[in-house]
Amino acid sequence: MGRYLLRRLLQAVFVLWAAYTLSFVVLYLLPGDPAEIMVAGGGEGTDISDAQLAEVRAEWGLDAPPATQYLDRLTDAIRGDLGVSTQTGDQVTAMIADQLPATLQLTLTAATLAVLLGAAVALAGVYTTRPWLRQVLLSLPALGASAPTFWVGLLLIQLVSFRWGLLPAIGDQGWRGLILPAVTLALPTAAVLGQVLAKSLSHTLAEPYVETALAKGAGRARVLLRHAVRNAALPAFTVLGVLVGNLLAGSVVVETVFSRTGVGRITANSVTVQDIPVVQGLVVLGAVAFVLASLAVDLVYPLLDPRVTPGRAVAA
Amino acid sequence: MVLGGALVASGCSSATSSEAGDAPGEPVAGGELTFALASAPTCADPQQAATNDSIYPARQLVDSLTDQDPETGEIVPWLAESWEVDADATAFTFVLRPGATFSDGAPVDAEAVRANLDGVVELGARAVLGAGYLAGYRESVVLDELTVRVEFEQPNAQFLQATSTHALGLLSPATLAAPAADRCTEVIGSGPFVLDEFTLNRSVRQIRREDYAWGSSLWRDDGPAHLERLTFEVIAESGVRTGGLASGQVDAIGGVAPQDEATLTAGGHTVISRPNPGLPFALFPQLERPIAGDPAVRRAVSLAIDREEVVATVLSESFRPATSALASTTDLYADHADLLGHDPAEAGRLLDEAGWEPGSDGVRVKDGEPLRLSLIWGANFGPNQPALELIQQQLNAVGFDAELRTVTIAEYNAAREAGDYDFAWSNTTRTDPDVLRAGLSRELANLSRVDDPALEELLAEQNATTDPGARAELVERVQAEVLEKGYLVPVFELTTVLGLGEHVHDLDFEASSRLQFHDTWLG
């Protein structure tokens, strides 16, 4: 177990380094002059003299050769210093730490909703004996997965907030403001979970041991909840890593549509104004989230399925 | 006192209305107004604010030496009671009104003015607009506690108008001492509102300054503002802004989409608008490129564009086609609509004459080369894309092969500097006609790469002329010459369009078509 963890840790460090290096190449070395981009800051065209640009370059260390810039920034990053925002001058790590709680609140609520909703639809779809209802329930996930988050958000805002006046459409104050964005963000994730779970439940229910259980007199509900869910949950659990990505990407859209603060919002904004250090910090954050999610999956898997031991090949 | 339901209607339709204009009674003090911005303000500091959505909140925090009447363009007192400009426009002496203070208690005196102007020069590139206004700044001399003389190396007539802008708004010496980036979230001025909280990407909260007593001479009175609190929320989606106003979740919105204007008006909301002064949205040629460098081609581009159709198809009744090199609300604007007509037949004739023969696929050809134009543009204004797509069709109809290239706003300047395009789409907001010099002079940005000594002389001369009549004549000549030579091909005037709840009164446009909330009240 110790060696396994060490190997995973080294892998994680490599993924973070690769994310950092790739983002450096793309952001600092590829098209356009970072100094010009920093000065423009998303505003109207302006008159900036070459001398002023040179000052900006010196201030941000952009006049050094690329290799020196890379090593300097990487050393800082290892010490936890991702530089400062060109827009506000705030520390990038502090900015992200400041925005993270709002996004965590949103994504965790959405994840909980997604699990409940996805499981409910899949279980109900598999449990029901009416063919038409089964058809409807099992096609919901496909529908949910194909509706764009952006459109769902606007639809909910139009109906629930503007037409019926039930919940606020704007801002992130209080729990009432959390409902619509969390539902919007949860839907595509719930759809994926529902789809995977329904499929593996159907498979599991065809297994011989289910027949045995039924023959022994267990009710359909008991077999489904006691026996089948535990086995069928494993494939659904494996897609967790993908879902973390879904939620993070979705937060960019949801936080913008619902005018909330958070990591998604600074992503949208810093890309628009090309706040290079912030964009790079967010790339690193995304890499951290993926590394943690896949590590969590690997460590929790054996708890769910005693046949799996970490470090050995997993037959899925 | 005129009570007028009728006036409410006139406020909706008048395209040049300088205020939200109805007056159904005496202003009521108190209350909180929430204004929805289309994009996130990038900086709370007016001296560093570059986008309109940054300028709206920043403007409320500071006072300026002077103010400018949106109707007449006249420069009138604000913090300065009086001023004198020497004959060659190189020295400007301001006498300040006594008693004004910054919200940290520091006095607004001659020393503070000097520190602010020195500070803007020191900010350099970060003072996106102010640094240009102060080009050639020599020094500010404090003559006594309330008198300061600002001196320039060469004539700089536009400086007086520049003192009325947010970009030269005065900040407390304590703020000036702070690092430029820190000032984006904490900034202290002497204005009618005080910054309470600047939350990046979400909101800017401001509270009324209770002891404020030095308002602009243009305002109803010089005392405190009526609104107790003023909040700017960022709502990026135009449909959510419109719905937010319609459902009463916000009081006023900016960036009203052209297609939403009718919905809002029908729902009993007020839509007010004012064209932004300065350079209209225009195609700026890259004169060093062979095709855009040919005057006949530039003239043909101008004749091929149907400005009325662009406004009618992708914009709204609030917008106007360009009628000169300057927008109609700019000082010393002169109507040159005759130079901006739509005549595709004449465009074709000019291209024939220049040797561009009609080709088999509709694209003209000369010496085997197609008449290809690369147009670059950025999304700093919602309807840019449909407008440019229509312009593209209009150009192609006379035999061009125009292609559109999108760049982000941040990349825009770098792309223009690189110069591998034929026309660039942009505008600039400024009340003073010197905006033409800022855009086209060799000494300044000159992104079109104009090399024209005669024009250069005219541009310098208008900035050295203090006599309004004489300057008007020079500026009139500049506008005609720039259009005749095709140094820019204006299309339509950027217009600021706001949606207001019925309960919002006296939300005023400044001369620059940005907003002033001092007189605004709810009731």
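A quick note: this is a predicted structure, and the numbers were derived from the prediction, not measured. Letters A, B, ... mirror the listed sequences (proteins, then strands); counts begin at 1.
- Only the side chain of A:Q158 comes within less than 4.5 Å of a heavy atom of chain B; its backbone N, CA, C and O stay farther away.
- Ranked by heavy-atom pairs under 4.5 Å with chain B, the first of A:T256, A:L154, A:I157, A:I170 is A:I170.
- For B:E122, the CD atom sits in a loose shell: 12 or fewer heavy atoms of surrounding residues, nucleotides or ligands are nearer than 6.0 Å.
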Could you go through A:M95 and B:L200, starting from their C-alpha distance and side-chain angles, then the distance that decides it, and tell me whether this counts as side-chain contact (heavy atoms from CB on, under 4.5 Å)? CA-CA 10 Å; A:M95 267 176 86; B:L200 191 63; 3.7 Å; yes
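- The side-chain hydrogen bond (donor to acceptor under 3.5 Å, both in side chains) search around A:T21 returns A:W17, A:Y70, not counting sequence neighbours.
- To the nearest 0.5 Å, atoms OG (A:S259) and CZ (B:R202) are separated by 11.0 Å.
- Applying the side chain to side chain donor-acceptor pair (under 3.5 Å) test to residues at least two apart or on different chains, the pairs with a partner in residues 234-252 of chain B are A:S161-B:Q249, B:T242-B:D260, B:S247-B:Q249, B:D251-B:H503.
- With rounding to the nearest 0.5 Å, the separation of OG1 in A:T261 from CG in B:N201 is 8.5 Å.
- Within a 6.0 Å radius of CZ in A:R163, other residues, nucleotides and ligands contribute 12 heavy atoms or fewer.
- Enclosure of atom CD in B:E197 by more than 12 non-hydrogen atoms of other residues, nucleotides or ligands within 6.0 angstrom is indicated.
- When every heavy atom of A:R265 is checked against every heavy atom of B:V234, the shortest pair comes out as NH2-CG1, 3.1 Å.
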Please determine whether side-chain contact (heavy atoms from CB on, under 4.5 Å) holds for the pair B:V240 and A:F258, giving the CA-CA distance in whole Å, both sets of side-chain angles, and the decisive distance to 0.1 Å. CA-CA 8 Å; B:V240 179; A:F258 288 91; over 6 Å; no
